[in-house]
Amino acid sequence: MSTDPLVVFTPSGKRGRFPVGTPVLTAARQLGVDLDSVCGGRGICSKCQVTPSYGEFSKHGVTVREGALSEWNKVEARYDEKRGLKPGRRLGCQATVQGDVVIDVPPESQVHRQVVRKAATARTIVMDPATRLYFIEVDEPDMHEPTGDLERVARALREQWEIEAVTADLSLMAKLQPTLRKGKWQVTVALYKGHKDTTPRIVEIWPGLHESGLFGLAIDLGSTTIAAHLTNLDTGEVIASSGLMNPQIRFGEDLMSRVSYAMMNPGGDAEMTRAVRDAINDLTRVIADEGGIDPALIVETVFVCNPVMHHLLLGLDPVELGQAPFALATSESLTLPAREMGLDAMNPRAQVYILPCIAGHVGADCAAVALSEEPGKSEDLVLVVDVGTNAEILLGNTTRVLACSSPTGPAFEGAQISSGQRAAPGAIERIEIDPVTKEPRFRVIGAEKWSDEEGFAEEIATTGITGICGSGIIEAVAEMRMAGLLDESGLIGSAEQTGTARCIPEGRTHSYLVHDATADGGPKITVTQGDIRAIQLAKSALYAGARLLMDEMKVDKVDRVVLAGAFGAHISTRHAMVLGMIPDAPLDKVTSAGNAAGTGARIALCNIGARAEIERVVRQITKVETAIEPKFQEHFVAANAIPHKTDPFPELAKVVTLPHVSFNTGGGDEDRGGRRRRRRA
């Protein structure tokens, strides 16, 4: 067994052992890690920046100690002096491996930068924002009436707008006098009044009539991605949407890995808090630039997030969320100054509102979905599924609403998949397999044509075909099942059993070849038996959570299903049903809600009445805890089959006929097609 240091790259999860002295860039290239370099490793372009992480990583089975990478050299020092490196960053072409190490490749260092596909969903929202603009004419100072400028601003608001009283912090008062004089005693003020506040506060002031508007951010802070919508607080229009990967991935891809990191590494929680706050500040600057506005015009931010993200955003230790009874530090909604949270890329007096959490494992993101989709107002029984690294599930109607979370893991995002990658140009996102020829055709992000259509090669000339993302792997597994390449248990058949040479041996199992460009120096993209297992585990957790809610409701079927999140927007209902990700229902009753959590955040951003409403609603939702419910494991095991071991799925059978094949040879006593041979006496 090799004693060379182990190098683990995140977020890809790719790992390998390399001799001491190997440059990080070389290790990345040999493992196929997506690390950019324009100058060929000469330390000129700085594209290959990476961030090493130190401490104990139970998920990766490695402890990273100081000295795991070589000391800074002259090239890095010169670059830092002239152009600056972020704290903790190294140049991958200069840093060399000295010991076991976990290395994060940030989004800006990736050749195929992630496309966070959580666009804003069109929605009619009644505008009633917490922050509004007021133009006022202020009396000039009078020696015979000794009042301060702030008092005369307050008097103008009372006389001209019937606003009885206002407050202002010291930073606002510091700019009050020069602004009044520049505007010749005519100014526009922005007043913030939350739904629980009695006195508005002045958060900004401009000379004369301010016509550039006010803006807010609705942020869906997920385990894997952070998606933000820059919204006009006057019209509700989404000016820009942007996102990035959550940098906390380098501490663990799933929530419990991050809780574990906080438990095992003193100060680990603070480290993760800094990482996510820095990312939000970066995202704020980027989205303001995309929207063509001054970041100082962003005066409000609404966050929705799961409980672990909630605690790490606020700088609270998440350890209690990793063990029963999964106690939150607080489940109430919070209104805080942005600067108190270290969010300094927006207006210095901006306010932050965080939706309430429902319970220890069901967070503000689920509350936002409830605000957006309103299951408690549905006459029929609706199942709302918001799928991410952690799935939030709601089941209800006008009589009762239930909620739970289910740990699906990152497989649906393309992680833990052999050829998997984040959704980025060049990634396979759609796939079809001919049930007769067993030949695949696919589409990649950034191209409109399918792989068997004329002009496909020209469309992908700049991106190439780089891997397969979450939507692609989900469709691939479902298509393999429908084409008879995969049996009910999830086993991939051999070439002899399936009738196609695309089923290739891989150790003691088989893989299905989707695309092979190795002859031209490109990737070989396959769906392996390990990939199938990762998807089975994810979909089983999702289905088991839904079944627990149905058990609690004492029903065997639901009237309709709403798929929310990036998953819901990009996966066909047919493929989801073939996999058995969701309970059986008529396909025309399975719809997509887009990014429902993000929509809920926008509703709360634009309407303060909605904040009071969701605070009322969450108190009426019944939480079902999957982590301690005995039947969860029973449902999970039965759901491992594709689509399910015992549930019949009659609605699916009306539109799809699944082949009856079995590739469990039990020692090689099956013939092609899976029919068992009789043993001779």
Side-chain angles (χ1 to χ4, degrees), residues 417-419 428-444 447-457 459-460 465 468 471-506 509-519 523-529 531-532 535-536 539 570-581 584 587 641-644 648-665 668-677:
I417 302 300
S418 60
S419 298
I428 295 174
E429 64 170 339
R430 299 289 313 279
I431 187 168
E432 294 177 355
I433 299 175
D434 189 299
V436 177
T437 65
K438 318 296 184 185
E439 288 296 301
R441 65 194 294 260
F442 52 82
R443 254 176 51 182
V444 302
E448 293 297 321
K449 295 185 182 297
W450 288 78
S451 58
D452 59 351
E453 292 180 332
E454 186 176 346
F456 174 76
E459 282 197 357
I460 66 163
I465 302 169
I468 188 165
S471 62
I473 191 64
I474 290 169
E475 292 200 8
V477 176
E479 286 284 328
M480 288 172 67
R481 180 72 180 93
M482 289 188 285
L485 302 169
L486 192 69
D487 67 13
E488 180 190 65
S489 72
L491 280 176
I492 302 173
S494 65
E496 181 187 16
Q497 290 170 320
T498 60
T500 175
R502 285 188 173 271
C503 288
I504 55 178
E506 188 164 305
T509 61
H510 294 88
S511 297
Y512 177 73
L513 179 64
V514 176
H515 173 71
D516 189 358
T518 53
K524 182 178 183 180
I525 299 173
T526 60
V527 178
T528 69
Q529 192 65 67
D531 298 339
I532 301 294
I535 292 297
Q536 282 180 290
K539 75 99 175 180
H570 296 283
I571 303 296
S572 75
T573 57
R574 182 163 160 265
H575 289 100
M577 199 70 77
V578 168
L579 272 185
M581 297 178 70
D584 187 55
L587 289 186
I642 302 174
H644 199 275
F649 278 70
E651 296 295 339
L652 176 64
K654 293 177 183 178
V655 293
V656 174
T657 301
L658 296 177
H660 292 288
V661 294
S662 175
F663 302 130
N664 186 2
T665 60
D669 61 344
E670 291 181 8
D671 67 344
R672 177 171 149 184
R675 293 181 297 275
R676 187 171 296 277
R677 294 174 178 166

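Panel note: side chain Gln497, backbone Ser494; a donor-acceptor pair is recorded below 3.5 Å. Remark: side-chain polar atoms of Ser471 are paired, donor with acceptor, to backbone N or O of Glu429 under 3.5 angstrom. With Lys438 contributing its side chain and Ala483 its backbone, the two residues share a donor-acceptor pair below 3.5 Å. Asp584 places a side-chain N or O within 3.5 Å of a backbone atom of Leu652 that can act as its donor or acceptor partner.
Closest heavy-atom contact between Gln536 and Ser489: NE2-O, 2.9 Å. For Lys449 against Phe456, the heavy-atom pair with the smallest separation is O-CD1, 3.4 Å. Between Ala495 and Ala501, the closest heavy-atom pair is CB-CA, 4.2 Å.
The closest side-chain heavy-atom distance from Leu658 to Pro643 is below 4.5 Å. Here the side chains of Val477 and Lys539 are not in contact, with every heavy-atom distance at 4.5 Å or above. Between Ser511 and Val527 the shortest side-chain heavy-atom distance does not fall below 4.5 Å. The closest side-chain heavy-atom distance from Leu486 to Phe663 is not below 4.5 Å. Looking at Arg481 and Ile433, their side chains never come closer than 4.5 Å, going by heavy atoms from C-beta outward. Trp450 is listed as a side-chain neighbour of Arg430, based on a closest heavy-atom distance under 4.5 Å. Tyr512 has its side chain out of reach of Thr528: every pair of non-hydrogen atoms, C-beta onward, lies at least 4.5 Å apart. Two residues are said to be in side-chain contact when any heavy atoms from C-beta on lie closer than 4.5 Å; Val514 and Ile431 meet this criterion.
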* Apply side chain to side chain contact (heavy atoms under 4.5 Å, CB included) to the pair Ile504 and Lys524, showing each step before the final yes or no. => CA-CA 12 Å; Ile504 55 178; Lys524 182 178 183 180; 4.0 Å; yes
Query - Pair Glu459-Glu453, side chain to side chain contact (heavy atoms under 4.5 Å, CB included): steps then yes or no - result: CA-CA 11 Å; Glu459 282 197 357; Glu453 292 180 332; over 6 Å; no
Q. Hey, mind stepping through Phe442 and Ile468 against side chain to side chain contact (heavy atoms under 4.5 Å, CB included) and telling me if it holds?
A. CA-CA 10 Å; Phe442 52 82; Ile468 188 165; over 6 Å; no
Assess whether side-chain hydrogen bond (donor to acceptor under 3.5 Å, both in side chains) is satisfied between His575 and Glu479, documenting all intermediate values. CA-CA 8 Å; His575 289 100; Glu479 286 284 328; 2.8 Å; yes
inquiry  = Could you go through Ile492 and Thr509, starting from their C-alpha distance and side-chain angles, then the distance that decides it, and tell me whether this counts as side chain to side chain contact (heavy atoms under 4.5 Å, CB included)?
reply    = CA-CA 7 Å; Ile492 302 173; Thr509 61; over 6 Å; no
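Leu587 contributes atom CG, which lies 5.0 Å from atom CE of Met577 (distance to the nearest 0.5 angstrom). Note that the CD atom of Glu439 and the CD atom of Glu432 stand 13.5 Å from one another [nearest 0.5 Å]. Rounded to the nearest 0.5 Å, atoms OG (Ser418) and CD (Glu506) are 7.0 Å apart. Going from atom CG of Leu485 over to atom CG of Leu491 covers 13.0 Å, rounded to the nearest 0.5 Å. Between atom CZ of residue Arg502 and atom CG of residue Leu513 there is a gap of 5.0 Å, rounded to the nearest 0.5 Å. Distance check, rounded to the nearest 0.5 Å: CG of Leu579 to NE2 of His644 gives 13.0 Å.
Side-chain contact, Ser662 with Asn664: no donor N or O sits under 3.5 Å from an acceptor N or O.
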